[in-house]
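Small disclaimer: the values here were computed from a predicted structure and weren't measured.
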Amino acid sequence: MNREAESVTKYFRSAVAAQANTGLDFKNDTFFIIEPSQLLEGRIHSEVCEKVFVEANKDSNDEGYKPKKTSINVIACIKTVKTIYEASAKKQDDIDELTGLFFVPAKLNDNGYLSFDSDNKKLPWFPREYLQPMIEPKLAIGSAIDVDSYISDHVDQVQLIKTWDDYLSFVIEFYEKITSSKFEDSSITNEEEHTQIELEKNMYLFIDSTVNATFNIMRLYNHILEDSQAKPLYDTFISTSEAISEPLISHSISNMQLHAGQMGGEYPLSPSQREAINHYNNMNNGEVLAVNGPPGTGKTTLLQSIVADTYVKRAISEDKPPLIVATSTNNQAVTNIIASFGNIKKMFDSSLEERWIEGVHSFATYFPSGMKVKEAAQGYQITNNKGEYFLSDIETETNIINSKAKIIDQCGKLFSKEFNTVGECRIALHQELLFLEEKKKNLLALCEESKQFHNPDFPINLQLDKLKEKIDGFEEQIHRYQDRVSGWEATYSKVPYLVRLFSKIIRKNLKRIQTEFRLFISTDELTFLNEYMTVEDIKEIYSLKIVELRSSSVSLQKDAQFIEDWIKRYDEQLKILREHGVTLHDHESDMYNISMDTINETIDKKIRYREFWLAVHYFECRWASGEDELKEKQKGTNYENVLVKFYNRLSLITPCLVMTFHTLPKQFWAYTGQKNIFLYNFIDLLIVDEAGQVSPEIAAGAFALAKKAVVVGDVYQIEPVWSVNKSLDNTLALTSGLIQSVDEYSNLEELGLTSFGSSVMRVASKSCKYEKYDEKGLFLSEHRRCYDEIIDYCNKLVYRGNLIPMRGRGANRKNRLQAWPQMGFHQIESEKSNKQGASRYNHTEAAEIAEWLHQHFDTIRSAYPEDAENNLIGIITPFKSQVGYIKAALKRKMPQLWKKISVGTVHAFQGGERNIIILSTVYGVNDGCYFIDANKSLMNVAVSRAKDHFFVFGDTRCLKNNQNSASGLLKSVMQGTVNAKEVKI
């Protein structure tokens with residue numbers, strides 16, 4: 001490992017280790033009460049210490065890891081809000097009981113002694129939600145800027161910590177500096193409301209679960225630092241140099257022919273999706289392909305296509321199935337992937353579109369964390385690297401026997417012939433796959449050939465008719481010219497011989513001939529003939545014209561013959577395909593109205609889609625035949641050779657394995673017989689979805705386990721939750737040796753190679769060697785979710801007009817809620833919102849929303865009879881308090897229906913969509929609109945959730961007048977919709 005890679009690895013490892021800056025959960029996590037004197041002395045009482053170690057060892061066998069009994073990581077909550085009761089009611093209703101304000105990470109040995117964690121250098125922290133600035137702080141005890149400044153100014157002091165007293169001095173000074181309170185004081189100032197908050201006397205000790213949560217990632221980074229083998233993809237991803245840009249790959253026939261599989265047959269790929277597929281098919285190992293995918297542009301379809309394409313290619317070559325891992329940062333993101341892979345719409349009534357293995361229902365297998373197994377087992381195919389759950393169920397002898405019978409039966413139905421063995425089915429499926437692949441290439445080659453003569457705006461058969469008409473016209477013209485030549489000769493012959501003979505000598509004779517010619521010449525001939533020409537001159541002119549016509553006719557005849565031959569060959573291809581059950585054109589009128597793009601789109605739906613299912617059943621046959629089947633004694637072990645066989649066998653039946661970044665490293669932790677290793681460069685393709693929400697340090701290590709990566713996301717969606725602040729991140733970069741001075745941190749920021757303020761999408765973009773619209777990475781352009789009027793707002797707000805609206809204008813539609821605009825507002829005037837603790841609400845606004853929905857819900861529901869009611873309406877608001885008020889108002893007005901309406905902050909709607917979105921702004925005219933203008937990504941997500949209508953309910957006077965701001969642009973769009981008048985919705 002070179003020095004740069006080592007520094008980046010150490011930096012990311014430190015950032016993962018430092019992720020403990022959120023409040024701990026007193027309700028769900030086990031904690032132990034300690035007295036302040038124990039912290040000051042640096043020693044926990046023996047009875048408490050014993051309980052802590054007993055609790056820590058409960059899950060010691062999880063993930064094969066046993067913590068050392070001499071030392072564990074703990075977190076001391078040393079400042080906690082005291083719950084005050086007056087008249088049997090909580091005085092501080094908005095603050096939860098046992099709200100921790102200041103946390104101190106440490107190591108605890110089995111003798112009860114506390115020490116500074118010098119390995120991970122985890123520092124004390126205040127939960128970010130209690131530091132200003134925040135949108136809705138429950139309480140504010142200091143400033144995030146002050147925290148950052150303090151840590152930055154005390155880097156040297158941290159490096160010098162040796163003893164518990166050293167650490168305690170740092171802790172106390174840090175606390176007093178940020179809170180402006182003495183450490184021994186029993187209260188703290190709430191800067192939000194300028195009141196005193198009483199503190200608990202006791203302190204609380206937690207086992208540091210944040211270390212365990214990231215244990216697999218930490219272990220991977222530790223191993224990367226020790227392992228010397230090349231890791232090209234990892235090196236590409238963590239490189240501190242931006243990839244040199246190369247020209248975009250052309251949309252050529254060779255690239256069209258490379259595309260071999262499509263998971264869905266309902267729609268073809270869009271031009272930008274196809275561009276991404278072309279670039280994927282030209283990737284080499286060690287490369288990262290970044291694809292920016294705004295909302296509604298088909299990211300899921302692209303990922304499905306990439307998986308299907310890779311799967312089919314391996315089936316064609318009869319190679320091992322590809323090992324494809326799709327991952328993201330949280331369970332919601334990965335389960336969205338799984339849902340899409342299990343919901344493929346059938347396109348024709350055939351046994352081909354059904355799984356032939358009993359117990360398999362999806363193309364994705366989920367590897368949940370241990371805590372999510374029970375929940376995930378309810379709806380997904382789940383397993384782990386021990387082959388438990390779903391996999392163990394289908395690997396029983398009975399299920400394999402039943403699956404073999406099903407394969408033979410279904411294959412017989414597909415080919416209308418009898419098969420006796422799975423091996424025969426496998427051969428037949430592979431031959432059919434090769435046949436379709438050949439026909440695909442032939443069709444594309446034919447279309448490429450047709451470009452020599454074919455106008456894509458004109459059907460080929462009609463173009464042939466036109467050619468024949470032209471040829472006939474040329475022949476008719478030649479006959480007319482020949483008749484005129486004969487006529488001229490006859491006219492000349494009428495003149496007496498002697499007159500003709502002496503015409504060159506006797507002027508009178510010449511004039512007589514000219515008179516005859518003048519009488520015979522036609523109007524059409526006046527442009528190229530005259531009476532002063534000799535008959536030889538006239539014949540020469542006509543002979544040249546006839547030669548020209550014959551040359552043109554011969555050329556057209558060749559073109560016509562070429563087209564006739566082409567049509568014959570094309571018809572032959574269509575006939576052969578029909579004999580194999582593939583009707584390429586649904587309507588006869590479309591048969592010859594083709595172009596390279598239209599035929600490629602048809603191939604997506606009719607051939608590549610069929611190829612995918614053939615590949616599925618081909619690999620099913622190999623699975624049923626026992627390929628890489630594990631012996632009983634091998635099952636559940638992580639020997640290297642066993643894991644290789646395990647993943648190959650699993651990939652035979654589910655082409656995509658899905659897991660979070662936290663779970664992923666564990667699945668590829670193997671034992672060689674002498675030592676534990678990670679299976680580096682083992683995953684054929686790593687797919688990262690929702691990459692704009694993943695912080696780089698969480699994901700980077702996984703790239704060492706793969707050969708190539710496709711990273712899909714949107715930097716204009718909601719950002720990751722960064723677990724380190726900027727100053728701490730700067731410190732980690734400095735102490736790891738990645739930068740030599742604080743000033744160099746800005747270079748990392750430009751590359752996105754930071755644990756604060758960046759995302760995997762940004763790092764992947766700098767690692768990608770292609771760029772579109774002056775930004776690194778490809779771009780999915782065609783937006784199909786929202787009506788044009790809605791997505792236009794997002795296009796102007798963040799996408800610089802690069803989105804191509806495809807759905808059309810809602811104003812042009814002829815049904816649904818035709819009288820309602822796509823972007824509208826309902827004015828609810830209010831001077832200011834109300835505060836509930838640190839949050840805000842607007843009771844009047846909540847009530848009016850409920851009243852409006854009460855009046856219109858039946859109308860809305862009747863307009864969408866085919867949709868699930870829970871997907872009809874979403875209400876988005878900046879504040880959690882307003883969420884509660886809106887739900888309460890809906891419950892009062894619509895007691896039977898209120899649960900059918902989704903209400904939440906914008907984060908709750910990330911990745912979702914509704915037919916109608918209502919934005920409750922909450923703010924009054926005197927409040928401003930901090931939330932709306934705080935981050936353009938928030939409004940981008942909010943607006944792009946709406947398929948048909950986006951309505952603002954609130955006082956629009958709070959919105960700015962500057963169109964460069966999110967609220968100002970929103971105001972402009974709303975008012976522009978109805979010429980600055982309120983929409984009566």
Side-chain angles (χ1 to χ4, degrees), residues 135 272-273 276 290-300 302-303 328-330 332-333 336 688-696 699 711-722 749-752 754 756-766 768 771-786 788-806 823 876 878 905-913 917 919 929 931-947 950 963-970 972-973:
I135 293 175
S272 61
Q273 288 171 335
V291 183
N292 294 288
T297 54
K299 296 186 290 291
T300 299
L302 173 63
L303 297 183
S328 195
T329 189
N330 57 56
Q332 182 63 52
N336 286 344
V688 183
D689 195 16
E690 299 292 355
Q693 298 178 53
V694 186
S695 194
V711 180
V712 181
D714 183 4
V715 294
Y716 298 116
Q717 296 286 288
I718 295 175
E719 300 162 328
V721 177
W722 296 297
E749 287 183 300
E750 289 180 11
L751 293 168
T754 58
F756 172 84
S758 186
S759 67
V760 168
M761 194 65 221
R762 284 197 61 197
V763 182
S765 295
K766 73 85 185 169
C768 182
E771 61 179 80
K772 194 81 181 284
Y773 303 131
D774 298 323
E775 289 189 355
K776 297 286 285 185
L778 303 181
F779 186 87
L780 298 181
S781 306
E782 298 82 8
H783 174 90
R784 288 183 169 85
R785 175 189 295 160
C786 312
D788 296 2
E789 295 96 324
I790 298 172
I791 200 61
D792 182 62
Y793 172 82
C794 302
N795 217 357
K796 291 176 179 177
L797 181 69
V798 293
Y799 296 115
R800 300 186 297 173
N802 291 323
L803 281 182
I804 303 172
M806 300 295 291
M823 297 282 281
I876 297 176
T905 62
V906 67
H907 298 78
F909 286 84
Q910 174 79 26
E913 61 182 38
I917 288 289
L919 175 68
C929 50
F931 167 81
I932 295 176
D933 289 323
N935 189 329
K936 289 184 177 181
S937 296
L938 296 174
M939 280 306 299
N940 180 42
V941 173
V943 174
S944 62
R945 301 309 96 195
K947 294 170 63 179
F950 181 87
Q963 291 192 35
N964 292 327
S965 65
S967 68
L969 181 61
L970 184 64
S972 172
V973 171

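Looking at residues two or more places apart in sequence or on another chain, you find a side chain to side chain contact (heavy atoms under 4.5 Å, CB included) between D933 and C929, K960, S965, A966, S967.
In the model, Q693 has no side-chain atom that pairs as donor or acceptor with a side-chain atom of Q717 under 3.5 Å. Counting only N and O atoms by type, the side chains of N336 and E690 include no donor and acceptor under 3.5 Å apart. A side-chain donor from one of E782 and S272 sits under 3.5 Å from a side-chain acceptor of the other. N292 and Y716 share no side-chain donor-acceptor pair at under 3.5 Å.
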I would like to know whether L780 and L302 meet side-chain contact (heavy atoms from CB on, under 4.5 Å); could you show each step before the answer? CA-CA 9 Å; L780 298 181; L302 173 63; 4.3 Å; yes
Go through the steps for Y799 and N940 under the test side-chain hydrogen bond (donor to acceptor under 3.5 Å, both in side chains), then give the verdict. CA-CA 10 Å; Y799 296 115; N940 180 42; 3.0 Å; yes
Steps toward side-chain contact (heavy atoms from CB on, under 4.5 Å) verdict (I790, V943): CA-CA 7 Å; I790 298 172; V943 174; 3.7 Å; yes
Begin from the C-alpha positions of V712 and V688 and carry the test side-chain contact (heavy atoms from CB on, under 4.5 Å) through to its verdict. CA-CA 6 Å; V712 181; V688 183; over 6 Å; no
Between F950 and L970, is the side-chain contact (heavy atoms from CB on, under 4.5 Å) condition met? List the steps. CA-CA 11 Å; F950 181 87; L970 184 64; 4.0 Å; yes
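Between the side chain of H783 and the backbone N or O of P295 there is at least one donor-acceptor pair closer than 3.5 Å. Under the 3.5 Å distance criterion, the side-chain polar atoms of K776 are matched with a main-chain donor or acceptor of C768. Using a distance-only test at 3.5 Å, with no hydrogens or angles considered, a donor-acceptor pair links the side chain of S328 to the main chain of D689. Side chain of R762 to main chain of E749: a donor-acceptor pair is present (N/O by atom type, distance under 3.5 Å, no hydrogens or angles). Side chain of E789 to backbone of M823: no donor-acceptor contact under 3.5 angstrom is found. Proximity of a side-chain donor or acceptor of S972 to a complementary backbone N or O of G968 within less than 3.5 Å is not detected. In this structure, K766 contributes its side chain and L751 its backbone to no donor-acceptor pair below 3.5 Å. A distance-only check finds a donor-acceptor pair linking the side chain of R945 to the backbone of G912 [under 3.5 Å].
S944 and I791 make their closest contact through CB-CD1, 4.4 Å (heavy atoms, listed as atom of the first residue, atom of the second, distance). Among all heavy-atom pairs drawn from P720 and G692, the shortest one is CD-O, 3.2 Å. Residues G752 and V763 approach most closely at O-CG2, 3.1 Å, considering heavy atoms. Between A691 and S759, the shortest heavy-atom contact is O-CB, 3.7 Å. Minimum heavy-atom separation, A699 to V694: CB-CG1, 4.0 Å. The minimum heavy-atom distance linking H907 with L938 is given by the pair CE1-CD2, 4.1 Å.
Taking CD of Q273 as the reference point, atom OG1 of T297 lies at 7.5 Å (rounded to 0.5 Å). Note that the SG atom of C786 and the CE atom of M806 stand 14.0 Å from one another [nearest 0.5 Å]. How far OG1 of T905 is from CD of Q910: 11.0 Å, rounded to the nearest 0.5 Å. With rounding to the nearest 0.5 Å, the separation of CG in L778 from CD in E771 is 10.5 Å.
Using a 4.0 Å cut-off between charged nitrogen and carboxylate oxygen, R800 and E775 count as a salt-bridge pair.
The aromatic rings of F756 and W722 are tilted relative to each other, their planes meeting at an angle between 30° and 60°.
For the side chain to side chain contact (heavy atoms under 4.5 Å, CB included) test with M939, the passing option among L969, I876, V906, L919 is L919; the others fail.
Side chains of F779 and L803 form a contact here, defined as non-hydrogen atoms less than 4.5 Å apart.
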